[in-house]
Engineer: 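Before we start, here is the structure in question, set down as C-alpha cells.
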Amino acid sequence: MSRSFGNTITYLRKEKNISQKQASEDLGISQALLSHYEKGIRECGLNFVVKLADYYNVSCDYLLGRSAERNTQTSNENMISTEGTNQKAMLENLNRKVISNCIDFIFRVLSSINQREITKITSDILMINIYAVLRELYKINSENNEEFFSVPSYSYTNQSNGLSAQKTAKLQEKIFILSKSRKFDGKVAMSYDIITEEYSDIASSILSLIHNAEKSMK
C-alpha cells in the first residue's frame with residue numbers, strides 16, 4: 001500500500017466525523033493498528049481493504065488509488081473473486097516489495113555495523129535459503145535437467161538446511177561477541193520509533209514482515 005492509501009482512509013474517516021477509536025471498534029481492530037494503517041506504517045491485507053471499502057461505502061479501487069470514482073457498483077467482492085486474479089497479483093507485488101525492502105534494511109544495518117565477517121555470514125544465509133527455494137521451483141517442470149546443479153537433488157535439502165543452521169549459529173555467536181565488546185562503538189539501536197523515523201521509506205515493510213513472520217510462528 002502507498003502513503004496515499006493511509007491519507008485516503010484518514011480523509012474518509014474525518015469526512016464522516018468518526019473518531020479513530022470509533023472506527024477501530026467498528027472495524028474490529030485496535031486503535032493503534034488503525035493508526036499505523038492511516039500513517040502508512042503498516043500494510044493491511046486485501047480482505048481488510050474490502051472491509052474498509054464497505055465501511056466507508058467506496059470502491060476498493062478508490063481506496064487503492066486506482067480510480068478517482070467512489071462508486072461501489074463494481075462490487076468490492078470482485079477484489080476477492082474472479083478466480084482471485086486481482087488479489088493474487090496484488091499480494092505477489094506486496095510480498096515482493098516487503099521482502100525486497102527488508103533485504104535492503106538488513107544491508108543498511110550491516111553497512112552501519114561495518115563488520116566484514118558478519119556481512120559475509122549474513123549474505124551466505126540469505127543465498128542458501130534463496131537457493132533452496134530455487135531448487136524446489138526448478139522441480140515444477142519434470143523436464144528440467146537436474147544436471148543444471150552440481151549438488152544432486154537427493155542430498156541438497158539436508159546440505160542446505162545443515163549449512164543454513166551452521167551459518168545461523170555462527171552469526172549468533174559473532175553478534176553476541178560484538179554486543180559485549182566495549183571497543184565496538186557502532187551499535188545499532190532499533191526500536192519502533194527509530195525504525196519508523198530513520199527508515200521511514202521502508203518501515204512499513206519491516207513491520208509487516210515481522211508481524212506476518214511471528215503470526216506464522218504462533
Side-chain angles (χ1 to χ4, degrees), residues 1-2 5 36-37 40-49 64 79-176 178 188 190 192 195-196 199-218:
M1 307 296 172
S2 66
F5 173 79
H36 291 171
Y37 290 157
I41 295 171
R42 291 277 292 274
E43 297 174 336
C44 65
L46 292 180
N47 286 335
F48 191 73
V49 172
L64 297 171
M79 288 290 293
I80 52 177
S81 61
T82 316
E83 298 181 355
T85 302
N86 289 339
Q87 184 180 25
K88 179 182 177 182
M90 292 181 70
L91 284 173
E92 286 177 352
N93 288 334
L94 178 61
N95 288 336
R96 185 184 297 114
K97 173 186 172 185
V98 167
I99 293 170
S100 175
N101 284 345
C102 285
I103 290 177
D104 178 43
F105 173 68
I106 287 171
F107 280 96
R108 288 195 207 182
V109 172
L110 289 171
S111 178
S112 66
I113 293 175
N114 194 27
Q115 296 288 311
R116 183 177 298 178
E117 189 171 5
I118 288 178
T119 298
K120 175 66 168 59
I121 296 170
T122 302
S123 299
D124 288 345
I125 293 170
L126 291 171
M127 286 191 284
I128 290 164
N129 284 283
I130 292 172
Y131 169 84
V133 174
L134 288 174
R135 287 298 299 256
E136 292 304 316
L137 293 176
Y138 195 78
K139 295 178 183 178
I140 293 174
N141 188 338
S142 60
E143 295 182 1
N144 284 338
N145 191 340
E146 281 295 328
E147 291 181 1
F148 181 78
F149 302 100
S150 60
V151 178
S153 59
Y154 61 81
S155 66
Y156 95 85
T157 300
N158 289 336
Q159 289 192 45
S160 61
N161 288 345
L163 186 57
S164 179
Q166 178 185 342
K167 293 283 185 179
T168 300
K170 189 68 174 177
L171 178 63
Q172 291 171 339
E173 177 188 348
K174 293 294 181 182
I175 293 294
F176 176 78
L178 189 62
V188 179
M190 284 191 206
Y192 173 84
I195 289 175
T196 55
Y199 303 92
S200 58
D201 56 326
I202 57 174
S204 60
S205 292
I206 299 166
L207 298 172
S208 178
L209 184 141
I210 292 171
H211 170 75
N212 291 328
E214 292 186 341
K215 183 177 179 181
S216 68
M217 296 177 192
K218 296 178 180 177

Engineer: With a 3.5 Å distance limit and no angle check, can you tell me whether S111 reaches the backbone of F107 through a side-chain donor-acceptor pair?
Structural biologist: no
Engineer: Determine, stepwise, if the pair T168 / Q172 fulfils side chain to side chain contact (heavy atoms under 4.5 Å, CB included).
Structural biologist: CA-CA 6 Å; T168 300; Q172 291 171 339; 4.0 Å; yes
Engineer: Shortest non-hydrogen contact from E147 to N145?
Structural biologist: N-OD1, 2.8 Å
Engineer: Which distance, rounded to the nearest 0.5 Å, do you find between the CD1 of I125 and the CD of Q166?
Structural biologist: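 Between I125 CD1 and Q166 CD, I get 10.5 Å after rounding to 0.5 Å.
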Engineer: Between I118 and I175, is any pair of side-chain heavy atoms under 4.5 Å apart?
Structural biologist: yes
Engineer: Does Y138 have its ring centroid less than 6.0 Å away from the ring centroid of F148?
Structural biologist: yes
Engineer: Look up atom CZ in F105 and atom CD1 in I206, then write down how far apart they are to the nearest 0.5 Å.
Structural biologist: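 Atom-to-atom, F105:CZ and I206:CD1 are 4.5 Å apart.
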Engineer: Any chance you could lay out the salt bridge (Lys or Arg N to Asp or Glu O under 4.0 Å) test for E117 and K120, step after step, and finish with the verdict?
Structural biologist: CA-CA 5 Å; E117 189 171 5; K120 175 66 168 59; over 6 Å; no
Engineer: Which heavy-atom pair separates A132 from Y156 by the least distance, and what is that distance?
Structural biologist: O-OH, 3.7 Å
Engineer: As an exercise, state the distance from CZ of R42 to CD1 of I210, rounded to the nearest 0.5 Å.
Structural biologist: 9.5 Å
Engineer: Could you give the distance from NZ (K167) to OG (S160), rounded to the nearest 0.5 Å?
Structural biologist: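 Atom-to-atom, K167:NZ and S160:OG are 13.5 Å apart.
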Engineer: Can you measure from CD1 (I103) to CG (L126) and round to the nearest 0.5 angstrom?
Structural biologist: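 Here the rounded value is 6.0 Å.
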Engineer: Would you say the side chain of V151 lies within less than 4.5 Å of the side chain of Y131, judging by non-hydrogen atoms?
Structural biologist: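 Yes - at least one pair of side-chain heavy atoms lies under 4.5 Å apart.
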Engineer: Is there a side-chain contact between K97 and N101 in this structure, where contact means two heavy atoms from C-beta onward sitting under 4.5 Å apart?
Structural biologist: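 Yes; the side chains approach each other to less than 4.5 Å.
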Engineer: Got P152 and E146 here, is their nearest side-chain heavy-atom distance under 4.5 Å?
Structural biologist: no
Engineer: Please round to the nearest 0.5 Å and tell me the distance separating atom OG1 of T122 and atom CG of L171.
Structural biologist: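 Rounded to the nearest 0.5 Å, the OG1-CG separation comes to 4.5 Å.
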Engineer: Between Y199 and V109, is any pair of side-chain heavy atoms under 4.5 Å apart?
Structural biologist: yes
